[in-house]
Amino acid sequence: MAAAVVALTSLVAAPSAQAAPDTTPVRYTNGTYVAMGDSRASGGFFTPTPDYFLGCKRSAANYPAIVALLALPRHFVDTSCAGAQAPNLYTAGQRTNAGYKPPQVRMVPRDAQVVSVSIGGNDMRWGALVGKCTTAPLTDRFCRTRLNGEARWRIARMENRVTPALRAIRRQAPRAQIIVVGIGGFMGNHGCWPMVPISDPDVRWMNQVFNRAGDALRRAAAKVDGTFVDANRLSAGHDPCNVITPWYESAMSNRIAYPYHINQAGAIAIAAMVNGAIRR
């Protein structure tokens, strides 16, 4: 009788054990590469291509396109769209000036080997935080003392929204290497009016805010066995106050790229970071 119970238990348990998918990320062998995310991925800098004008401001030479040139995948899919928030990756479509865009995860094939993700900035709404710190020359708005609590809840909100989005990507592409690219990079050690019209102490504080935001994205990536690329720390010295080799545009930018977004040099730099994070 006991043997019969054991056999029956084994039969009942077997299907659920077999149903659990293998989520161990595979080594990259030039399989499908998918780029997802917001304007950090789409580029936001002008290129005269249809993808730029179809609502997502997807530049032809954004960092995912450069990663594809470096990594040479057999298939490259770019789903990135300016303005995207974490829910737009997996559960909610995005409305743009050129119509509705379905959740980005629908374009991710199950056999994808690498998925890069730039998301969280619009969930955190960092632009509103930066706007509260903008000031005239030789003045100070003391954001570092006034807005610490606000910065904390913005980062927590971002982490709480990004984590389920990454889990949805993992379910869709169970064996992919998920590479999460951090935000920030455009605040250095000092301001430079009018390019970065913020006091030096507040610029340094803002840089630390983005470090903490990056740490939150690192935690979210770890929950899906992903890799985190710390764009903020790795971009040190290439903020808009560096007039020789900036990777980011200034607050005054309205032609090359969105304010405080990566320019073409920045796209190349971020692409090198992502390519270097791919496990081969």
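Distance OG1/T23 to CG/D225: 6.0 Å, rounded to 0.5 Å. To the nearest 0.5 Å, atom CG of residue D202 and atom NZ of residue K132 are 13.0 Å apart. The structure places CG of N88 at 7.0 Å from CD of Q104, a figure rounded to the nearest 0.5 Å. One finds the CD1 atom of I198 at 12.5 Å from the CZ atom of R204 (value rounded to the nearest 0.5 Å). A distance of 13.5 Å separates NZ in K101 from CZ in R106, rounded to the nearest 0.5 Å. The OG atom of S42 sits 9.0 Å away from atom NZ of K57, with the distance rounded to the nearest 0.5 Å.
For residues 160-183, every residue pair satisfying the salt bridge (charged side-chain N to carboxylate O under 4.0 Å, His left out) rule, not counting sequence neighbours, is listed here: D22-R175, D123-R161.
Residues F228 and V209 are members of one and the same hydrophobic cluster, defined by side-chain heavy-atom contacts under 4.5 angstrom among Ile, Leu, Val, Met, Phe, Trp and Tyr. In the hydrophobic cluster analysis, where Ile, Leu, Val, Met, Phe, Trp and Tyr join through side-chain heavy atoms closer than 4.5 angstrom, L147 is grouped together with I155. V203 and L129 fall within a single hydrophobic cluster, where Ile, Leu, Val, Met, Phe, Trp and Tyr side chains are chained together by heavy-atom contacts under 4.5 Å. Side-chain heavy atoms closer than 4.5 Å link hydrophobic residues (I, L, V, M, F, W, Y) into clusters, and following such links, even through other members, never connects M107 to L54. Hydrophobic clustering (ILVMFWY, side-chain heavy atoms < 4.5 Å, transitive): Y90 and V77 are in one cluster.
V115 has its side chain out of reach of Q172: every pair of non-hydrogen atoms, C-beta onward, lies at least 4.5 Å apart. Contact annotation: the side chain of N275 approaches that of R280 to within less than 4.5 Å [non-hydrogen atoms, C-beta and beyond]. A heavy-atom distance below 4.5 Å is found between the side chains of M273 and I270. Within the 4.5 Å cutoff, the side chain of P259 has no heavy atoms near those of the E249 side chain. V105 places none of its side-chain heavy atoms less than 4.5 Å from the side chain of L89. Using a 4.5 Å cut-off on side-chain heavy atoms (C-beta onward), R58 and S80 make contact. At a threshold of 4.5 Å between non-hydrogen side-chain atoms, the residues L217 and M124 do not count as touching. Between R144 and S199 there is a side-chain heavy-atom pair separated by less than 4.5 Å.
Looking only at atom types and distance, the side chain of R212 has no donor-acceptor partner in the side chain of N232 under 3.5 Å away.
Pairing each heavy atom of G182 with each of A231, the nearest pair is O-CB, 3.5 Å. Contact record, A277 with V229: CB-CG2, 3.9 Å, taken as the closest heavy-atom pair. The minimum heavy-atom distance linking P201 with D140 is given by the pair CG-OD2, 4.3 Å. In terms of heavy atoms, R154 sits closest to A128 at NH2-CB, 3.7 Å. Closest heavy-atom contact between P246 and V243: CD-C, 4.0 Å. The two residues P25 and R279 make their nearest non-hydrogen contact at O-NH2, 2.6 Å.
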Candidate pair Q85 and N122, rule side-chain hydrogen bond (donor to acceptor under 3.5 Å, both in side chains), full reasoning: CA-CA 6 Å; Q85 298 185 36; N122 295 318; over 6 Å; no

Evaluation steps, ring pair (Phe, Tyr, Trp, His ring centres under 6.0 Å), between F186 and F210: CA-CA 10 Å; F186 48 88; F210 285 118; 5.0 Å; yes

Pair S116-V67, side-chain contact (heavy atoms from CB on, under 4.5 Å): steps then yes or no: CA-CA 10 Å; S116 64; V67 170; over 6 Å; no

From CA spacing to verdict: side-chain hydrogen bond (donor to acceptor under 3.5 Å, both in side chains), Q177, T227: CA-CA 8 Å; Q177 296 182 46; T227 301; 5.6 Å; no

V181 vs Y63, side-chain contact (heavy atoms from CB on, under 4.5 Å): CA-CA, chis, key distance, verdict: CA-CA 11 Å; V181 180; Y63 88 69; 3.5 Å; yes

Evaluation steps, side-chain contact (heavy atoms from CB on, under 4.5 Å), between H190 and C241: CA-CA 8 Å; H190 58 84; C241 292; 3.8 Å; yes

side-chain hydrogen bond (donor to acceptor under 3.5 Å, both in side chains) between S253 and Y248, worked out: CA-CA 10 Å; S253 178; Y248 301 83; over 6 Å; no

I169 and V224: CA distance, side-chain angles, deciding distance, side-chain contact (heavy atoms from CB on, under 4.5 Å) verdict: CA-CA 9 Å; I169 295 169; V224 296; over 6 Å; no

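Relative ring orientation between Y260 and W126 is described as perpendicular, the plane-to-plane angle rising above 60° on a 0-90° scale split at 30° and 60°. A parallel orientation is assigned to the rings of W247 and H238, their planes being inclined by less than 30° (bins at 30° and 60°).
With hydrogens and angles disregarded, no donor-acceptor distance shorter than 3.5 Å links the side chain of S118 to the backbone of G37. Between the side chain of R146 and the backbone N or O of R141 there is at least one donor-acceptor pair closer than 3.5 Å. A donor-acceptor pair under 3.5 Å links the side-chain atoms of Y28 to the main chain of A71, judged by distance alone. Not one N or O on the side chain of T91 forms a donor-acceptor pair closer than 3.5 Å with the backbone of P87.
Through chains of ILVMFWY side-chain contacts below 4.5 Å, L70 is grouped with I66, I268.
Applying the 6.0 Å contact sphere to CG of L138 captures no more than 12 heavy atoms from other residues, nucleotides or ligands. Crowding of D111 atom CG: a count of heavy atoms from other residues, nucleotides or ligands under 6.0 Å exceeding 12.
Among N30, V26, V34, I179, the single residue meeting the side chain to side chain contact (heavy atoms under 4.5 Å, CB included) criterion with V114 is I179.
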